[in-house]
Amino acid sequence: MRVFHNLNVNWMGMRKAFYILSLVLFLLGMLNIVFRGLVFGIDFKGGSEIVLQFEKPVDVAKIRNDLANIGLGAVEVRTFGAETGVLVRTELQEIPKEIYPKVVERIRENIDKIMPAVPYQIVDSTINSITVEFTNPDTTNTMIAELFAQGFQTGKVSEEPDNKQMLVRVGIADWIKEVLREKVKDNPFQVVKEDRVGPKIGEELKRDAVLAVLLSLVVILIYLGFRFKFIFAIGAVTALFHDVLITVGLYAVLYGLIPGLNLEIDLPVVAAFLTLVGYSINDTVIVFDRIRENMKIHKTMPLEELINKSINQTMSRTIITGFTTLLAVFVLFILGGDVLRAFSFTLLFGIIIGTYSSIFVASALVLDYAQRTKKKVQFS
Amino acid sequence: MKEYRFRIIIILAAIALSIYLLYPTFLDYQNSKHIQSVVEQKKQEILKQNPQISKSDLEELLTIVEDSIKQSDPSIVENRLKRLKLGLDLQGGMRVVLEVNTAKLLEKLANNPDQVFNSTLAEAKKEAETSEESVVEILARKLQQKGIRLSRYFGNIRQDDAEIIAQLKKDSEDAVTRAMEIIRNRVDQYGVSEPSIQRQGSRRIIVELPGIAKEEEAKQLLQGTALLEFRLVKDPDFTYQIMERIDKALAKVLAAGNDSLLAELSDTTKKADTTAAADTTQKQLTEEEFKQQHPFFSVALLDPQGRSADAFVKEDDRNKILRWLSLPEVKKEIPDNVEFVFSAKPVSTTQDGKKVYFMYLVNRQPELTGGVVTNAVATLDPNSSAPIVNMEMNSEGAVEWARITGANIGKRIAIMLDGKVFSAPVVRGKIPGGRSQIEGMENLDEAKLLEIVLKAGALPAPVDVIEERIVGPSLGEDSVQGGLNSALFGYLAVAIFMIIYYRQSGSIAAGVLILTILFILSVLAGFKATLTLPGIAGIVLTIGMAVDANVLIFERMREELATGKTLKASIDSGFSKAMSAIIDSNITTFFTGIILYQFGTGPVQGFALTLMIGIASTLFSALVISRLIFDYLASKGAKISIG
């Protein structure tokens, strides 16, 4: 069985059309990024995300309702996996100022319920926790245990035996869990996943991710510069930029368009972009390798014809290597579960664009450069 | 055949090594299946006998069962250590990034802080939340901008700003080291298997606790401060009396037929049987009887000469004793104001390599706590050249310490950290001036550790959780299942395509692909790397990319065959002409793998590692193994179809 065998297509003749196609795709993506922006997951943006597993099937709409009025603003609620799983997510990392008094009030209520008329005072309140001081250490210990049993994150301020202060953590996730525990009393739940990322880590990661992608492009540029003529390296790396930018752009376009597919940019997705950089260069190298070989054999052939010939000769392997990788990645997309979905989608998408670009962008750019400078392009 | 010998040896060696590296993983899988079935069976038994048992009690009992299985066969633990590790996202667990709160530390260190200082510190803290600069640097800069010298708040008047900044930086550095030490102690104490505590950057600590079930407890664990206590050790006579009463009470409970206790005891008996297999039947019987009549003394062994009542307890018996002590019948035999505690370090090891700990009876109420310790220095005792830690106390503590030591000459005082006894020296005389020393460390490193811990106990630099990720075990299992399924079906899809498209050559590629996967897994296991969900994704991706090299070669062979070359010649030129493209494309992918590894944290690193290992194994499989098979078949004159 053979596909794309003995092709004789004038690819380079069509390059203007493909430049336009690339440009359109690129602009579409960029405009989308400019106007709609990229949606980052909590890895990069910071925020809180919890997945709850209820014992009985649960009505997501009801949970959404329950959480709508607790003052956390737009809280995203959707099912996760089976119908007993719920994903709750918010961009907030900290309890908002307006809600804070409510949370404190709730803690006060609980303290009063456990030990009515016990004297205490709130000695310190930071955005993540409040510190309550009681009059004697025993009360403090009892209170810590009791409140802990109620679902609050309590702890001693110090382990000294005369410690009278209790620390209560008031994170977003804690608040959500607490509210739900009260509202959905007949259906107990467990927390199966909880992610909380502070804004600082997110910022650092974002910077690192961009640096990593740029660095890998530079490394590839240098390597190919050594292996081929520099102009080929430039062509290849431009094609890679093209792949990454178009994939990111279309990623932004598709966000929210495909129901059930969560296309936020998180850590695995960045890994996918880097893999894409590494992978899409493969096809380009195969074509360049053949051009180099043909140049040695057909010394007098015009460059345009030579590039066409090389592309035609390598077309079947370009398609088949892309196809086998797509097969595996497609299986991953279908079976890999929620966590890997965006990752495998990026790769699916990127592999197609990468294969396209190695033919219509990388080689075409080399040709255009050669024609413009009227130089004879040579391989070392 | 001769010309292939070298290559065959290399390939067989690679395969043998892979199997050797993966064998523990296989055994571990079998073991955990076995343990699970035993535990499940036991659970049903317990539930049948005692349907009202509370969930936590049941869990505790089952843990004991599990532990005893593990301890009965050391190879289980050995295999577990050598197996291919699963990441937190695959087995469930908790990952916490802690940051030492430098602002609080500065607040503590400052002399006479005023309104200006507090507001400046608050500003600095706010800025540090999103900045790369440390709080120390920002605060210093802000104070300098306001024209205030740092010596107004820190150090002394003669020091210039740069000197003070350096000192403050060193202090916050130390605070991180100490915080790490506290956390490590606590995690060890909590008994998580394979925890990982790493330092990241200047003031972050990453804690990974695989397989944690109770996240709330773990969080509490991480954010406390070390507690140093000095408690009186009870006299041997008193202790012995209590122990005897416990022993009697236990025997009574046993006679009444407490099932869980019986079960625990039979565990001990079984173990004794195997160790004492060479003994006569006669002796075994009496041992059995002794166990029944004196259950407590059968695990808490006393010095036969009766010089002290510090009981020797084997490592695996500690939990058992704690459980016995919590039985209501036993509890009422122990006075309220005392409790049993264990030594922090093992005092000796038995012949079969089990660690033995001391168990002391001490006052519940500490005489003095670590709040009074102002400094600690690890050093060698000039007289005995044994490692010691010298402590200094503040004036208040010194007065107390003098009183306590003066009133308890000849008695022993246990120096306890986080509820464990580090040493229990006899007080030889009144100690004035608040100086005292701790001994009993094995070497200077250990003393240094204690020094850090002691300082940490006295100087709590609060740690903030800045990132927290928890994955429940059930979600982890789902991920493993999803990952394995995608690897299997990914493989099938690629293999079937290759066979259809390239016929026999394709089946060779599909067969060799299995070896590629074997190599990847074994290298991961050999490197003691952790397999994560993105790591599995990396394997699936490798499956897709691994055949790329084969495709390049096969397409080339087709071309060569089309020019009329023989099969053998086509194989030769197919492989050699595809070589440069294969090498170039794989090296560039490998580079991005390296960069990904450098940039990535946790799971992404796992992915990068798998990808890189995948590339290496792919090249080996395609260029060496496939090549050999082709060469061999061609030399035999077999016709290999290539579609």
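Letters A, B, ... mirror the listed sequences (proteins, then strands); counts begin at 1. Because the structure is a prediction, the values reported are computed rather than measured.
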Self-check item: Considering all heavy atoms, the nearest A/Gly336-B/Ser486 contact
Solution: CA-OG, 3.9 Å
Self-check item: Option in A/Val277, A/Ile351, A/Leu211, A/Leu340 with maximal non-hydrogen atom pairs under 4.5 Å from chain B
Solution: A/Leu340
Exercise. Quick one: do B/Asp584 and A/Tyr223 satisfy side-chain contact (heavy atoms from CB on, under 4.5 Å)? Show the steps, please.
Key: CA-CA 9 Å; B/Asp584 280 343; A/Tyr223 179 77; 2.9 Å; yes
Quiz item: Highest number of heavy-atom pairs under 4.5 Å with chain B: which of A/Leu326, A/Asp208, A/Val51, A/Thr325?
Solution: A/Thr325
Exercise. Measure distances from A/Asp266 to the heavy atoms of chain B and classify the residue's part below 4.5 Å as side chain, backbone, both or neither.
Key: neither
Exercise. For each of B/Ile543, B/Leu552, B/Val547, tally heavy-atom pairs with chain A at distances under 4.5 Å, and name the one with the top tally.
Key: B/Leu552
Quiz prompt | Which atoms of B/Leu611 approach chain A - backbone, side chain, both or neither, heavy atom under 4.5 Å | solution = side chain
Quiz prompt | When B/Ala546, B/Gly482, B/Gly538, B/Pro534 are compared by non-hydrogen pairs under 4.5 Å with chain A, the top option | solution = B/Gly482
Quiz item: Does a side-chain heavy-atom distance below 4.5 Å link A/Leu327 with B/Phe497?
Solution: yes
Quiz prompt | Side-chain heavy-atom pair B/Thr592, A/Thr275 within 4.5 angstrom cut-off | solution = no
Quiz item: Could A/Arg290 and B/Glu555 be called an ion pair, given the rule that one side-chain N must be under 4.0 Å from one carboxylate O?
Solution: no
Quiz item: With a 4.5 Å heavy-atom cut-off, do A/Leu215 and B/Phe591 have their side chains touching?
Solution: no
Quiz item: Nearest heavy-atom pair of B/Val540 and A/Leu332: which atoms, and what distance?
Solution: CG2-CD1, 3.8 Å
Quiz item: Between A/Leu347 and chain B, which part of the residue has a heavy atom less than 4.5 Å away: side chain, backbone, both or neither?
Solution: side chain
Quiz item: Is chain A contacted by the side chain of B/Glu559, its backbone, both, or neither, given a heavy-atom distance below 4.5 Å?
Solution: side chain
Quiz item: Between B/Ala608, B/Ser580, B/Ala562, B/Gly593, which has the largest tally of heavy atom pairs under 4.5 Å with chain A?
Solution: B/Ser580
Quiz item: Going from CD on A/Glu49 to CD1 on B/Ile470, what distance comes out if it is rounded to the nearest 0.5 angstrom?
Solution: 12.5 Å
Quiz item: Side chain of B/Thr589, backbone of A/Gly278: donor and acceptor closer than 3.5 Å?
Solution: yes
Quiz item: Is the shortest distance from a Lys or Arg side-chain nitrogen in B/Glu468 or A/Lys193 to a carboxylate oxygen in the other one below 4.0 Å?
Solution: no
Self-check item: Contact leader toward chain A among B/Gly544, B/Ala549, B/Ala493, where contacts are heavy-atom pairs under 4.5 Å
Solution: B/Gly544
Quiz item: Is there side-chain contact between A/Leu267 and B/Phe607, with at least one heavy-atom pair below 4.5 Å?
Solution: no
Quiz prompt | Salt-bridge contact A/Asp195-B/Arg95 (side-chain N to carboxylate O under 4.0 Å) | solution = no
Quiz item: Any side-chain heavy-atom pair from A/Arg317 and B/Asp548 closer than 4.5 angstrom?
Solution: no
Exercise. Answer whether the closest heavy-atom distance between the side chains of B/Phe489 and A/Ile334 falls below 4.5 Å.
Key: no
Quiz item: Checking A/Ala209 against chain B: side chain, backbone, both or neither under 4.5 Å from a heavy atom?
Solution: both
Quiz item: Does a side-chain N-to-carboxylate-O contact under 4.0 Å join A/Asp289 and B/Lys577?
Solution: no
Quiz item: Which bit of A/Leu274 is near chain B, if near means a heavy-atom gap under 4.5 Å: side chain, backbone, both or neither?
Solution: both
Quiz item: In terms of heavy-atom pairs under 4.5 Å, which option from A/Val285, A/Asn282, A/Ile50, A/Thr284 contacts chain B the most?
Solution: A/Asn282
Self-check item: From CG (A/Asp43) to CD (B/Glu467), nearest 0.5 Å
Solution: 7.5 Å
Quiz item: Would you call B/Phe554 and A/Ile320 a side-chain contact if the rule is heavy atoms closer than 4.5 Å?
Solution: no
Quiz item: What are the two closest non-hydrogen atoms of A/Val329 and B/Leu541, and how far apart are they?
Solution: CG2-CD1, 3.5 Å
Quiz prompt | Euclidean distance, B/Ser585 OG relative to A/Ile286 CD1, rounded to 0.5 Å | solution = 5.5 Å
Self-check item: Between B/Val494, B/Leu533, B/Asn586, B/Asn485, the one whose heavy-atom pairs under 4.5 Å with chain A are most numerous
Solution: B/Leu533
Quiz prompt | Side chain, backbone, both or neither of B/Ile594 within contact of chain A (heavy atoms, under 4.5 Å) | solution = neither
Practice problem: Nearest 0.5 Å please: distance from the CZ atom of A/Phe323 over to the OH atom of B/Tyr501. | Solution: 10.5 Å
Practice problem: Taking the side chain as every heavy atom from C-beta outward, state whether B/Met94 and A/Glu194 have any pair of such atoms under 4.5 Å apart. | Solution: no
Self-check item: For the student: nearest non-hydrogen atoms of A/Ser216 and B/Ile595, plus distance
Solution: CA-CD1, 3.2 Å
Quiz item: Around A/Phe330, counting heavy atoms of other residues, nucleotides and ligands shown, do more than 12 lie under 6.0 Å from its CZ?
Solution: no
